[in-house]
Amino acid sequence: MSNDKDSDLIQAARDAAGHSYSPYSNFAVGAALRFADGSVVTGTNIENASYGLALCAETVAVSKAMADGVRGGLEAVAVTGPGSDPITPCGRCRQVLNELAQLGGTDPEILCVGPDEVKRVKLSVLLPEAFGPASLE
C-alpha cells in the first residue's frame, strides 16, 4: 500500500518517463528521488546512437541532484518503465544510487514500479556489501 508521498514519487517517475529519449529501445524509463527535506529530483533515460553512451534514468536523476549540491538525505527512489512487471535499477544505477545514499548515511527504499504492482526493496538488498566512499578510507 502506497502513502501519498510514495504515490506522488511514483507519479513523478512516470511523468519523467514521458520525457525519455529512447528511439532505439523504445523502453522509456523514469526515476524520481525523494530527499529528507521533501524535495524530488527526476530523471529519464537518454539513449545514444553509440548505445554504450546511453544514460539511465536513475543516473540522470542522481547527476541532477549532485549538480545542484545535494549530498545527502536520499530516502526513496521510484523507478518505472514499460512492460507488465516492476523494474529494478540496473547494476550501474544501483552503484550510482549507493554513492549518493552513502554520502548521507541512508539506505533508501527503492520502489520498483509496474503497471499494477509496486515492489519495495532497500538499496542494501539490491546491492549487498556495496563499495562506496567509506571503502576508500
Side-chain angles (χ1 to χ4, degrees):
M1 180 85 17
S2 291
N3 61 35
D4 287 342
K5 285 177 21 177
D6 288 349
S7 295
D8 290 346
L9 189 67
I10 290 167
Q11 188 58 52
R14 287 184 170 141
D15 291 345
H19 298 289
S20 172
Y21 177 71
S22 50
Y24 309 109
S25 71
N26 293 312
F27 196 85
V29 177
L33 315 176
R34 185 177 63 231
F35 294 89
D37 66 1
S39 64
V40 173
V41 177
T42 63
T44 190
N45 56 324
I46 303 168
E47 294 181 349
N48 188 283
S50 67
Y51 296 130
L53 295 179
L55 299 172
C56 297
E58 302 91 326
T59 299
V60 170
V62 168
S63 297
K64 285 171 61 177
M66 296 281 274
D68 287 343
V70 178
R71 297 290 189 273
L74 183 61
E75 290 184 336
V77 177
V79 183
T80 125
S84 58
D85 296 320
I87 65 169
T88 63
C90 72
R92 174 184 178 210
C93 288
R94 294 172 191 199
Q95 182 64 39
V96 170
L97 288 166
N98 176 69
E99 181 86 10
L100 182 57
Q102 280 196 15
L103 289 175
T106 62
D107 185 12
E109 183 172 51
I110 311 300
L111 309 177
C112 306
V113 181
D116 302 314
E117 177 186 1
V118 177
K119 185 161 112 180
R120 298 167 179 275
V121 61
K122 288 291 197 173
L123 180 58
S124 61
V125 172
L126 289 175
L127 189 64
E129 300 182 42
F131 183 89
S135 302
L136 297 174
E137 294 176 352

key: For Pro128, side chain to side chain contact (heavy atoms under 4.5 Å, CB included) partners two or more places apart   = none
request  = Please answer whether the main-chain N or O of Leu126 pairs with a side-chain N or O of Arg94 as donor and acceptor at a distance below 3.5 Å.
outcome  = yes
query = Looking at residues at least two apart in the chain, or sitting in another chain, which of them share a side-chain hydrogen bond (donor to acceptor under 3.5 Å, both in side chains) with Asp68?
reply = none
ask   = Which pairs count as ring pair (Phe, Tyr, Trp, His ring centres under 6.0 Å) when at least one residue sits in residues 35-94, sequence neighbours excluded?
value = Tyr24-Tyr51
key: salt bridge (Lys or Arg N to Asp or Glu O under 4.0 Å) against Glu109, all qualifying residues, sequence neighbours excluded   = Arg120
Just distance, no hydrogens or angles: give the donor-acceptor pairs under 3.5 Å from side chains in residues 74-81, sequence neighbours left out.
none

key: Partner residues of Arg71 under the side-chain hydrogen bond (donor to acceptor under 3.5 Å, both in side chains) criterion, sequence neighbours left out   = none
request  = Indicate the atoms forming the closest heavy-atom contact of Gln102 with Ala130, along with that distance.
outcome  = NE2-O, 4.1 Å
message = I'd like to check the ring pair (Phe, Tyr, Trp, His ring centres under 6.0 Å) partners of Phe131; sequence neighbours left out, ordered by chain and number.
response = none
query = In Å, rounded to the nearest 0.5 Å, how long is the span from CG of Leu33 to OG1 of Thr42?
reply = 8.5 Å
query = Passes salt bridge (charged side-chain N to carboxylate O under 4.0 Å, His left out), Arg34 versus Asp6? Steps please.
reply = CA-CA 9 Å; Arg34 185 177 63 231; Asp6 288 349; 3.2 Å; yes
query = side-chain hydrogen bond (donor to acceptor under 3.5 Å, both in side chains) with Asn48: which residues, sequence neighbours excluded?
reply = Ser50
Contacts table for residues 13-22: side-chain donor-acceptor under 3.5 angstrom, sequence neighbours left out:
{"residue": "Arg14", "atom": "NH2", "partner": "Gly114", "partner atom": "O", "Å": "3.2"}
{"residue": "Asp15", "atom": "OD1", "partner": "Gln11", "partner atom": "NE2", "Å": "2.8"}
{"residue": "Ser20", "atom": "OG", "partner": "Ser22", "partner atom": "OG", "Å": "2.9"}
{"residue": "Ser20", "atom": "OG", "partner": "Asn45", "partner atom": "OD1", "Å": "2.7"}

task = Could you list the residues that satisfy side chain to side chain contact (heavy atoms under 4.5 Å, CB included) with Asp107, not counting sequence neighbours?
result = Lys122, Leu123, Ser124
query = Residues two or more places apart in sequence or in another chain: which of them pass side-chain hydrogen bond (donor to acceptor under 3.5 Å, both in side chains) with Ser25?
reply = Glu47
Quiz: residues 54-63 side-chain donor-acceptor pairs under 3.5 angstrom, not counting sequence neighbours:
{"residue": "Ser63", "atom": "OG", "partner": "Thr59", "partner atom": "O", "Å": "2.8"}

